[in-house]
Amino acid sequence: MKRTSLSLTATIIGIMAMTACKRNANETSGRNTDTINYSLNAGSVIEWKGIMRQGYNSGSFDIDNSNIETKNGIVTSGTITIPISSIKNYNLPDSALKEQLLHHLKSADFFNLAVYPTATFRIRQVQPYTGGDSINPTAKANCLVDGSFTMLGKTNPVTFPAYIHFSGEQMEIAAFFTIDRTKWGMTYASDSSAGLFIYKDVALRMAVNARRK
């Protein structure tokens, strides 16, 4: 059995890119200066990919709930909650192996679901982003999201480029970035001299749609 890993998530998560930079707000409600709240639509996910020396594993997390607040077309605050129990695997075809992996990811070696059932991302600041350097893996990224991610009882800052777009009552959020899982204490199989080695960086992709409340 592969003791492979995963990914954090979160998310991690990340969760996450909740903002509307540039002039996207003009597409939602004209130049409304009131505070506007958004909640995520069903089907919004955070996808993950963890790479080990012997291969990789990939999957997703659901987003349980969120609240994203905007004012004058800029996201001013936001929180998204990721239930660890929602973790899914995409790449393993065999159901028994898949269940084995998911059980291991929920154990104390990784997310420790019994003690830490959720991960949380909070937005601290959103700024315009023009790209043009190596930290922009998201096509059309127009915002730089600065926030904090809490997982396994630890909170660390997370910053990443994101594409945030408003259309009518809807908000679209897309982001792709990596986090170092060991910063949250997830150190299982992180010794490169061991037989099983899982790289510390986990790739996360956020695919989110939100609707004005």
task = Nearest 0.5 Å please: distance from the OG1 atom of T76 over to the CD1 atom of I123.
result =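 Between T76 OG1 and I123 CD1, I get 8.5 Å after rounding to 0.5 Å.
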key: Approximate separation, where rounding is to 0.5 Å, of R181 CZ and K200 NZ   =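 One gets 10.5 Å once the value is rounded to the nearest 0.5 Å.
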task = Check step by step if side chain to side chain donor-acceptor pair (under 3.5 Å) holds for N112 and K106.
result = CA-CA 5 Å; N112 201 357; K106 295 172 186 177; over 6 Å; no
For [X] against [Y], the heavy-atom pair lying closest together:
{"X": "L102", "Y": "I87", "answer": "CD2-O, 3.9 Å"}
{"X": "A175", "Y": "P161", "answer": "CB-O, 3.7 Å"}
{"X": "K154", "Y": "K183", "answer": "CD-O, 3.9 Å"}
{"X": "F110", "Y": "L105", "answer": "CB-O, 3.2 Å"}
{"X": "S148", "Y": "R124", "answer": "CB-NH1, 4.2 Å"}
{"X": "Y129", "Y": "L144", "answer": "CB-N, 3.6 Å"}

task = Determine whether I80 and I46 make a side-chain contact, defined as any pair of heavy atoms from C-beta on separated by less than 4.5 Å.
result =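 A side-chain contact under 4.5 Å exists here.
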ask   = Considering only heavy atoms from C-beta outward, does the side chain of R122 approach that of F149 to under 4.5 Å?
value =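 No, every pair of side-chain atoms sits at 4.5 Å or beyond.
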ask   = Hey, quick one: are L113 and L152 part of the same hydrophobic cluster, counting side-chain heavy atoms closer than 4.5 Å, chains of contacts allowed?
value =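 Looking at the clustering, L152 is in the same group as L113.
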request  = Tell me whether M52 is reachable from L101 by hopping between hydrophobic residues (I, L, V, M, F, W, Y) whose side-chain heavy atoms are closer than 4.5 Å.
outcome  =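 Yes.
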Side chain of [X], backbone of [Y]: donor and acceptor closer than 3.5 Å?
{"X": "K98", "Y": "L92", "result": "yes"}
{"X": "S39", "Y": "N67", "result": "no"}
{"X": "D64", "Y": "I82", "result": "no"}

Tabulate below the donor-acceptor pairs under 3.5 Å that side-chain atoms of residues 190-198 make, not counting sequence neighbours, or state none.
residue: S190; atom: OG; partner: T187; partner atom: O; Å: 2.6
residue: D191; atom: OD1; partner: S193; partner atom: N; Å: 3.0
residue: D191; atom: OD1; partner: S193; partner atom: OG; Å: 2.7
residue: D191; atom: OD2; partner: S193; partner atom: OG; Å: 3.1

task = Report yes or no: is the cationic atom of K49 (NZ for Lys, CZ for Arg) closer than 6.0 Å to the six-membered ring centre of Y56, at no more than 45° off its axis?
result =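 The answer is yes, since K49 meets both limits relative to Y56.
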ask   = Under the 6.0 Å and 45° cation-pi test, does K140 pair with Y163?
value =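 Because its charged atom sits under 6.0 Å from the ring centre and within 45° of the axis, K140 does stack over Y163.
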Go through the side-chain N and O atoms of [X] and [Y] and say whether any donor and acceptor fall under 3.5 Å apart.
{"X": "N209", "Y": "N41", "value": "no"}
{"X": "S60", "Y": "Y90", "value": "yes"}
{"X": "E99", "Y": "N89", "value": "no"}
{"X": "D146", "Y": "T159", "value": "yes"}

query = When you check the gap from the basic side-chain N to the acidic O, do K88 and D62 get nearer than 4.0 Å?
reply =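 Yes, charged N to carboxylate O under 4.0 Å.
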request  = Check step by step if side-chain contact (heavy atoms from CB on, under 4.5 Å) holds for F166 and T70.
outcome  = CA-CA 11 Å; F166 289 88; T70 69; 4.2 Å; yes
task = Sequence neighbours left out, what passes ring-ring contact (aromatic ring centres under 6.0 Å, His included) with Y116? Give chain and number order.
result =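 Checked Y116 against ring-ring contact (aromatic ring centres under 6.0 Å, His included); zero matches.
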key: Steps toward ring pair (Phe, Tyr, Trp, His ring centres under 6.0 Å) verdict (Y188, H104)   = CA-CA 11 Å; Y188 179 81; H104 191 199; 5.1 Å; yes
